[in-house]
Participant: 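Let me give you the structure first, and then I'll get to my questions.
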Amino acid sequence: MENTNSTLEKFARKSSVTGKGMNEGYVFEMHGFYCEEENEARDKAMELGYNSLEEAYKDEAYYWTQWEEIEEDENYYDADGNEYNPDGSLYQEVIEAKCECGSTDFYVNESITYKAFAENGKIYTGNNTANEIDSVICKKCQTDCSQFKEVVVFT
């Protein structure tokens with residue numbers, strides 16, 4: 001899938017809360033967390049152990065910013081949070097995968113929202129929200145290959 005719509009609104013980041021594209025908001029950089037709403041930022045600050053959003057700000061745990069333009073060589077998002085390469089093609093992460101039994105043939109269990117599949121020892125995660133898939137099962141030994149949790153977030 002390629003983004004051929006030249007009028008598509010581009011977004012610099014993707015909300016960690018809604019999964020939608022965003023061009024302004026709160027950034028908890030050390031945690032890779034982005035959100036648009038103050039209440040979402042407050043919830044994150046509390047989750048991190050702060051008593052208030054103000055306390056988190058004073059501790060430099062987050063900042064608020066606007067991204068006014070996206071560099072030509074940077075990936076970007078559409079309003080729905082789909083990620084695109086700078087050339088307009090849909091971003092797709094590829095993970096090399098091999099089971100402990102030696103097989104490179106897997107089933108990828110996923111919900112319809114997550115467009116992941118396995119082929120020839122590679123797992124293609126597509127535009128999954130946070131690369132979330134349910135599981136990767138070896139077709140040969142039926143093992144849940146949980147060692148891929150380092151690169152894929154299982155739901």
Side-chain angles (χ1 to χ4, degrees), residues 1-98 106-118 121-137 144-155:
M1 178 178 178
E2 188 169 315
N3 171 14
T4 56
N5 182 353
S6 60
T7 62
L8 173 79
E9 186 174 5
K10 296 179 181 180
F11 296 88
R13 299 293 183 272
K14 179 165 114 173
S15 170
S16 301
V17 176
T18 66
K20 304 290 184 186
M22 59 184 271
N23 279 329
E24 64 181 43
Y26 300 85
V27 178
F28 289 77
E29 200 163 39
M30 298 267 309
H31 303 279
F33 184 86
Y34 302 90
C35 63
E36 294 179 279
E37 303 296 328
E38 183 176 340
N39 63 317
E40 297 166 343
R42 185 178 304 108
D43 289 348
K44 183 64 175 179
M46 302 295 268
E47 177 186 314
L48 295 173
Y50 294 100
N51 294 317
S52 67
L53 192 55
E54 294 74 27
E55 181 183 341
Y57 183 77
K58 287 178 185 174
D59 195 36
E60 299 180 357
Y62 81 92
Y63 59 91
W64 187 93
T65 191
Q66 289 180 305
W67 294 275
E68 298 196 11
E69 63 181 59
I70 299 168
E71 299 294 324
E72 276 186 34
D73 62 343
E74 285 186 330
N75 286 10
Y76 61 91
Y77 300 89
D78 65 15
D80 292 326
N82 296 307
E83 186 174 0
Y84 293 88
N85 295 309
D87 67 2
S89 62
L90 199 57
Y91 173 78
Q92 186 165 296
E93 186 171 346
V94 179
I95 301 162
E96 297 285 333
K98 187 174 186 178
F106 301 95
Y107 297 107
V108 178
N109 295 326
E110 40 142 349
S111 70
I112 292 172
T113 307
Y114 308 130
K115 299 169 181 72
F117 66 94
K122 294 179 175 66
I123 301 169
Y124 298 86
T125 62
N127 267 292
N128 302 335
T129 304
N131 290 339
E132 294 175 351
I133 58 179
D134 296 325
S135 62
V136 175
I137 307 295
D144 183 350
C145 295
S146 59
Q147 71 266 27
F148 302 126
K149 286 186 179 184
E150 295 176 12
V151 289
V152 179
V153 178
F154 292 88
T155 57

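Start at 1 with the first residue, then count along the sequence.
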Participant: Tell me, please, which residues at least two apart from Glu47 pass side-chain contact (heavy atoms from CB on, under 4.5 Å).
Facilitator: Lys44

Participant: If you count every heavy atom of other residues, nucleotides or ligands that lies below 6.0 Å from Tyr50 atom OH, does the total exceed 12?
Facilitator: yes

Participant: Mind checking side chain to side chain donor-acceptor pair (under 3.5 Å) for Asp80 and listing every partner two or more places apart, or none if nothing turns up?
Facilitator: none

Participant: Just to verify, what does Asp43 make a side-chain contact (heavy atoms from CB on, under 4.5 Å) with, not counting sequence neighbours?
Facilitator: none

Participant: Okay, side chain of Asp78, backbone of Gly81: is any donor-acceptor separation there less than 3.5 Å?
Facilitator: yes

Participant: Only distances under 3.5 Å count here; give the side-chain donor-acceptor pairs of residues 27-40 to other protein atoms, sequence neighbours excluded, each with its distance to 0.1 Å.
Facilitator:
residue, atom, partner, partner atom, Å
Glu38, OE2, Arg42, NH2, 2.9
Glu40, OE1, Glu36, N, 3.2
Glu40, OE1, Glu37, N, 3.0

Participant: When rounded to the nearest 0.5 angstrom, what is the spacing between CE in Met22 and NZ in Lys14?
Facilitator: 12.5 Å

Participant: Distance-only, no hydrogens or angles: does the Asp87 side chain make a donor-acceptor pair with backbone N or O of Ser89 under 3.5 Å?
Facilitator: yes

Participant: Using the ring of Tyr76 (Phe, Tyr or Trp, six-membered ring only), decide whether Lys10 places NZ or CZ under 6.0 Å from its centre and within 45 degrees of its axis.
Facilitator: yes

Participant: Indicate the atoms forming the closest heavy-atom contact of Ala12 with Asn23, along with that distance.
Facilitator: N-OD1, 2.8 Å

Participant: Taking only residues two or more places apart in sequence, or in another chain, which ones meet Ser15 in a side chain to side chain donor-acceptor pair (under 3.5 Å)?
Facilitator: Thr18

Participant: So which pairs with a foot in residues 62-73 pass side chain to side chain donor-acceptor pair (under 3.5 Å), sequence neighbours left out?
Facilitator: Glu24-Gln66

Participant: Under 3.5 Å, side chain of Glu74 to main-chain N/O of Ile70, donor-acceptor pair present?
Facilitator: no

Participant: Can you measure from CG (Asp59) to CD (Glu54) and round to the nearest 0.5 angstrom?
Facilitator: 13.0 Å

